[in-house]
Colleague: 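Structure provided below as structure tokens; questions to follow.
Order of the sequence lines sets the chain letters (A, B, ...), proteins ahead of strands, with each chain counted from 1.
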Number of protein chains: 2
Amino acid sequence: MHGRGGNTVRDLRTGSRATVLRGLYFDGPLSRQELGARTGLSAGSVSNVTGELLADGLIEECGSVGSDGGRPRTMLRVAAGRARLVGVDVGETQVRVALFDLARTELAARDLPLSDRGRDAGHVVELILAGLADVLERTGTAPETVLGVGVGVPGIVDQGAPGADGRGIVVHGQAVGWDAVPLGRLLRAGTALPLFVDNGAKTLGQAEMWFGAGRGARHAVVALVGSGVGACVIADGARYRGASSSAGEWGHTKVHVGGRRCRCGARGCLEAYVGAEALVERWGAAPPGDEKAGLAALLAAAEAGDPAAVGLLDEAAEYLGAGIADLVNLFNPERIVIGGWAGLLLGPRLLPGIRAAATGYALRFPYEHALIVLGSLGPEAVALGAATLPLSDFLDSGGRLPDRSHLTDAGA
Amino acid sequence: MHGRGGNTVRDLRTGSRATVLRGLYFDGPLSRQELGARTGLSAGSVSNVTGELLADGLIEECGSVGSDGGRPRTMLRVAAGRARLVGVDVGETQVRVALFDLARTELAARDLPLSDRGRDAGHVVELILAGLADVLERTGTAPETVLGVGVGVPGIVDQGAPGADGRGIVVHGQAVGWDAVPLGRLLRAGTALPLFVDNGAKTLGQAEMWFGAGRGARHAVVALVGSGVGACVIADGARYRGASSSAGEWGHTKVHVGGRRCRCGARGCLEAYVGAEALVERWGAAPPGDEKAGLAALLAAAEAGDPAAVGLLDEAAEYLGAGIADLVNLFNPERIVIGGWAGLLLGPRLLPGIRAAATGYALRFPYEHALIVLGSLGPEAVALGAATLPLSDFLDSGGRLPDRSHLTDAGA
DNA sequence: AGCCGTCGTCTCACGCCGTGAAGTAAGCCG
DNA sequence: CGGCTTACTTCACGGCGTGAGACGACGGCT
């Protein structure tokens, strides 16, 4: 019940700045005129706010467009070069660190393969910090122009106390053997940049929502099918986190009580029927070790008419449809985006079957309002999605550049 | 992207009034001092705002409490008699219309049994309007003191265009044969009072959240087990509605793909395993027609050791636990409240089994943060929950009494 | 070429807000 | 009865968005 997020008149300006900035960021160059119509602000206020943002260098004018008979409208856009973002994808085999400008152009990236110490958190932190230093140095990026470092990791992320400089962030990654790893504290020891950590599937979902197949939807679920299965829930335009930021664990939804055993220990999880690991294991006839090749082989066999492969995939489509029907019934989204590397690989073949199953399993009314589509970004967008974490903070704050005068002593 | 809910400085005052009013409503009598600490407002603003509210008659002073050595603090509370609320419960056998004051004291109520035309929407509307007129007249309530009429109905409620005076509200009640019934328009023809309609299960959930076992939780799911099965999802303190207000249809979640056929037409729905209708039907050895008696008989048989009854209930607990595990995984709530008449009847016996099953089926991390409890209000709270719909609107608007100068011509 | 109408943008007086400091009320203790 | 403590009120101040009017900057018309 505290605070309500701003009591004073100055908070109004923060809000207006945020609205204007978001409008320009997501809906391209806009004139002050259009900005007023879109934000509900009066022409005077738009002039005021844009003036401030221009003075801060956060936006810039870019040409003008004639308007029949009248004064041409000056277009405004976000100044792409004003600040930079770092996105980190902690995968199962490598760590990827990417540097973006505000227009999400990738300025530099660095892939660092995990050694055999792969599951050791200390090792991962070393790689992240090394990659971070590398991309900053190669591009000559001053630390104070970096809005923050977003990190997508496997497992559940407990955000800890807010405003605690990220130090309270703890990761529970059962799949990679991370048990309550204090990632925030570990990273904070090596960099003074603002830190943001979230589940990798969730950052990928965020990327699809902002720049991919989810664009424009206020209520959506991004269903992520990879080795395992996860989901990213967007409620009313914002990520739904739940009480301890672990909402959206769709893969361990029960679709068959008493059914197949899942790697999480329970029986009948969705993941045990449609996750790539489970599919490849059940298919059997594939070289072990390389899951992607295994899934591709399964798909090829099905295309060639192998009845076992066809059956397996048909069953996966059925279960996926049932799982999606659950999402439709529970969340009533306007869009369901199927992503993840396995989802994108299988999607073109499975989609008709998924839609058919979901039609039968979901309630008619919510299903009629939901669109099931494939993701459009590909799994490499995890780093981009991670970079949206500091970006989101930046936009919500109305373009407040973080004060980091303490940067000198800690280095980057 | 429109509006952001208030740009001008005057909206700040609306927000402050709402915060103060909510504080007083939910946390009993409070001094101006405490109000300031709780809301984050400065002492000056609290004085200002409470002065306004006092002048409007919305709050009142109620005694004072000594404070060691200093001026005693004057306590403030919401003026219970300043306005009234109507809650309507459209059940399967009767319509209940209840009139409350702001302190949720029931001033009058009227039960109107459905005739054999029970499933006819026109008949239901007649009963609602008759009950409404009756409770208003018996208590001598002037229509302009009524904040609004909240109606809880079976089925999915499409809220239509907002701000359209409720005229756009349409109900899809497949269980009672309502197909796109324009309930808003039908009711509007008979009363000029503000109208609010929502699913009955959702209004019951709202009541549990505000006054029952859900009090204080910001993220919760109220699981409602009756003849069918539903749920009410509270995300960040507010009902989660989804894109077309049908979120929370938990009963038709798939717990056993290819399993029992459900009355919705699909197979393997949770409702087909744990709903009272399904349980009684499978039990068989009960007088048909009276579901509640049937369920009580099943329960009694199980208590007496009848193995078939025990098996049925154990299975129900297993499935309920699995369904709740799904809710825990997907929504990551801090509390799960089990309500509904069947849920409350079976709860004491089933709860240990439910908890055991959920422990096994849910992921450890979110499950550790979730508490599974029984509801504390009973199924008759549907009308109370319905009355919270106009109340919620009233509180959120900072106590703006609706302007209804047009009331004279339309009557109540 | 000059003028006019059109439309985008800027400027500014106004009413309102919350803050924080100073002032006031209302009880206690000695 | 006076001093002390605590709750509340008053008020000057900086700041906000609005809406009306002023000010450009262009196309088209004469």
Colleague: What are the atom names and distances for every N/O pair under 3.5 Å that joins the protein to nucleotides 14-19 of chain D?
Modeller:
| unit_1 | atom_1 | unit_2 | atom_2 | d |
| --- | --- | --- | --- | --- |
| D/dG17 | OP1 | A/S16 | OG | 2.7 |
| D/dG17 | OP2 | A/R13 | NE | 3.0 |
| D/dG17 | OP2 | A/R13 | NH2 | 2.6 |
| D/dT18 | OP2 | A/S42 | N | 2.8 |
| D/dT18 | OP2 | A/S42 | OG | 2.8 |
| D/dT18 | OP2 | A/S45 | OG | 3.0 |

Colleague: So, does B/S31 use its side chain to make a donor-acceptor pair with the main chain of B/E34 at under 3.5 Å?
Modeller: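 Yes; judged by distance alone, with no hydrogens or angles, the pair exists.
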
Colleague: Could you encode protein contacts along nucleotides 24-30 of chain C as a string, one character per nucleotide from 5' to 3', using B for base contact, S for sugar-phosphate-only contact and - for no contact, with a heavy-atom cut-off of under 4.0 Å?
Modeller: -BBB---

Colleague: Using atom types as modelled and distance alone, determine if a side-chain donor or acceptor of A/R17 lies under 3.5 Å from a backbone N or O of A/T50.
Modeller: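 No; zero donor-acceptor contacts below 3.5 Å.
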
Colleague: Indicate whether any N or O donor in one side chain lies under 3.5 Å from an N or O acceptor in the other, for B/N332 and A/S244.
Modeller: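 Their side chains do contain a donor-acceptor pair, which is all the 3.5 Å distance test asks for.
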
Colleague: How long is the gap from OG1 on B/T145 to CG on B/L147, to the nearest 0.5 Å?
Modeller: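 Separation between the atoms: 8.0 Å.
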
Colleague: Can you measure B/R17 atom CZ to C/dG18 atom C1' for me and round it to whole angstrom units?
Modeller: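 Going from CZ in B/R17 over to C1' in C/dG18 covers 16 Å.
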
Colleague: Would you confirm whether B/R239, through its side chain, and B/G205, through its main-chain N or O, come within 3.5 Å as a donor-acceptor pair?
Modeller: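 Judged by distance alone, no pair lies under 3.5 Å.
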
Colleague: Do A/D11 side-chain atoms and A/T8 backbone N/O form a donor-acceptor pair below 3.5 Å?
Modeller: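 Yes: the side chain of A/D11 pairs with the backbone of A/T8.
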
Colleague: Rounded to the nearest angstrom, tell me the gap between atom CD in A/Q33 and atom P in C/dG8.
Modeller: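 To the nearest whole Å, that distance equals 4 Å.
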
Colleague: Between the main-chain N or O of A/G398 and the side-chain N or O of A/T14, is there a donor-acceptor pair closer than 3.5 Å?
Modeller: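 Not confirmed, A/T14 side chain does not pair with A/G398 backbone.
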
Colleague: How many angstroms lie between OG in A/S392 and CG in A/D198, if you round to the nearest 0.5 Å?
Modeller: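 Rounded to the nearest 0.5 Å, the OG-CG separation comes to 10.5 Å.
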
Colleague: Between the two end axes of the helix from C/dA1-D/dT30 to C/dG30-D/dC1, each built from 5 base pairs, what angle do you get to the nearest 10°?
Modeller: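 Computed from the C1' atoms at both ends, the axes differ by 20°.
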
Colleague: Between the main-chain N or O of A/G15 and the side-chain N or O of A/T19, is there a donor-acceptor pair closer than 3.5 Å?
Modeller: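 Confirmed, A/T19 side chain pairs with A/G15 backbone.
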
Colleague: Would you kindly say whether B/N7 and A/S16 are connected by a side-chain donor-acceptor distance under 3.5 Å?
Modeller: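 Absent: no donor and acceptor within the cut-off.
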
